[in-house]
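In what follows, every chain begins at residue 1, and chains take the letters A, B, ... in the order their sequences are listed. Hydrogens, waters and symmetry mates play no part in the numbers below; they use all other heavy atoms, side chains included. Values in this document were obtained by computation on a predicted structure and should not be read as measured data.
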Number of protein chains: 2
Amino acid sequence: MTESARSARDAEAVSRFVESFAAQLVEAGMQRMPARVFAALLSSDEGAMTSAELGEQLRISPAAVSGAVRYLAQQHMVSREREPGSRRERYRVHSNQWYEAVTNREAVLKRWEGALREGVTSLGADTPAGRRMAETLAFFEFVDGELAAMMERWRARREQLFGSTGSE
Amino acid sequence: MTESARSARDAEAVSRFVESFAAQLVEAGMQRMPARVFAALLSSDEGAMTSAELGEQLRISPAAVSGAVRYLAQQHMVSREREPGSRRERYRVHSNQWYEAVTNREAVLKRWEGALREGVTSLGADTPAGRRMAETLAFFEFVDGELAAMMERWRARREQLFGSTGSE
DNA sequence: CGCTCCTTTCAGAAATTTGTGAAGTTAAGG
DNA sequence: CCTTAACTTCACAAATTTCTGAAAGGAGCG
């Protein structure tokens, strides 16, 4: 193994990981470009890349990067940084922040709950269908509360495992 | 309100619920037809419908019903029943079983964990990127265990709220 | 101010996904 | 066995989504 092969990141190994992890995310329902961009950021040593770097690694246009990053930022999975004294932007995964975002399906759950509540009243709370929906609703309300508690426990465990870096 | 309007299920109210709940599921990443079929089953008094009933309510072809049901069955969100002495099939939501299936992302999590594990070794456990992935991996392993415990607590709570029907 | 570098927006081409009709398959019931 | 009722598969048309190149926008720097 040559000096450069030891010190440089093996671009091909990185790319293999990026594409295979992205494929898993896609299979779980994520759009392709956001998934690839996210995987690339996750596997970068900095945890951050510029638009140009992303475009080069993934072989996609600046427009595609822009769209993917907008989506990821809306989901709070990455944040945007401005390099001081430059119009270049960097996109960053905050290593703990991102799965907090993934886990925080609060908005989704609330909408489901809303639809179910309407279903219960419009079909009648005393009908079999109404009762089934009421039970489903109770389940989601339960999950709501449990998720928050679970993330609290994770933070404690994380500190125990890796030591706290607070905001990293 | 006429007699028939009081006793018959209000087809339009049912349809409104079905389409709005399905829309939420679609927004969360589910395919359209499976989402609509699932919502229709959920809002039926029996908790079960035949292929023909589904086709009529949703205005879709038998082929579309077939595809949607196959998907839902694979996900263990519905089960198929054979009406004795008939070649007609009924598709049923087991009201507690289905969200156990939704919550059971074990297969998905395991695949994510596999990809991450490979990433850690191929990028090097001693690199910043490797450490980030190792932490993410630890998070998913943690979630794995938590979900099982959460569902256990739900079963207890469910019984407390609704009384046990065992297998319904 | 104006130049230049970077990002975003937009219209359209290309690829993918979706749902249908029609043919094919299976099994109940005479 | 043969008929017939039901579900499934398949090829294709339509609709939708995705990604790009090109043009527009905006922020730093001289």
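Out of D/dT8, C/dG21, C/dC6, the shortest distance to the side chain of A/R88 is found at C/dC6. Distances were taken from every side-chain heavy atom of A/A63 (C-beta onward) to each of D/dT20, C/dG19, C/dG21; the shortest belongs to D/dT20. Each of C/dT7, D/dG21, D/dC7 was ranked by its minimum atom distance to the side chain of A/S61; first place goes to D/dG21. The side chain of B/S66 sits closest to D/dT8 out of D/dT20, C/dT8, D/dT8.
Computed from coordinates, the B/R90 CZ to D/dA5 C1' distance equals 17 Å when rounded to whole Å. Remark: P of D/dT16 and CD of B/E27 are 17 Å apart, rounded to the nearest angstrom. When rounded to the nearest whole Å, the span between CE of B/M33 and P of D/dA14 equals 17 Å. If you take CD of A/E83 and P of C/dC6, they are 10 Å apart, rounded to a whole angstrom. Across the protein-nucleic acid pair, A/R32 atom CZ and D/dT16 atom C1' stand 15 Å apart, rounded to whole Å. As rounded to whole Å, 9 Å separates atom P of C/dT20 from atom CZ of B/R36. What separates OH of B/Y71 from C1' of C/dT17 is a distance of 14 Å, to the nearest Å. Straight-line distance from the CZ atom of A/R70 to the C1' atom of C/dC6: 16 Å, rounded to whole Å.
No salt bridge links B/R157 with B/E152; every basic N to acidic carboxylate O contact stays at or beyond 4.0 Å. Ion pair A/D45/B/R132 not flagged as a salt bridge, since none of the NZ, NE, NH1 or NH2 atoms sits closer than 4.0 Å to an Asp/Glu carboxylate oxygen. A salt bridge is defined here as a Lys NZ or Arg NE, NH1 or NH2 lying under 4.0 Å from an Asp or Glu carboxylate O, and B/E118 with A/R16 fails to meet this definition. Ion pair A/E100/A/R155 flagged as a salt bridge, since at least one NZ, NE, NH1 or NH2 atom sits closer than 4.0 Å to an Asp/Glu carboxylate oxygen. Here B/E135 does not pair with B/R131 in a salt bridge; the nearest charged N to carboxylate O distance is not below 4.0 Å. Electrostatic pairing of B/E81 and B/R92 counts as a salt bridge here, judged by a charged N lying under 4.0 Å from a carboxylate O.
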At a cut-off of 3.5 Å, list every protein nitrogen or oxygen paired with a nitrogen or oxygen from nucleotides 24-29 of chain C, distance to 0.1 Å.
| unit_1 | atom_1 | unit_2 | atom_2 | d |
| --- | --- | --- | --- | --- |
| C/dG29 | OP1 | B/G85 | O | 2.8 |

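Comparing B/V69 and A/V65, the nucleotide of DNA chain D nearest to each residue sits closer to the 5' end for B/V69.
Backbone-only contact: B/R80 has heavy atoms under 4.0 Å from sugar-phosphate atoms and none from a base.
Taking the six-membered ring for Trp and thresholds of 30 and 60 degrees, A/W154 and B/F142 have ring planes inclined between 30 and 60 degrees apart.
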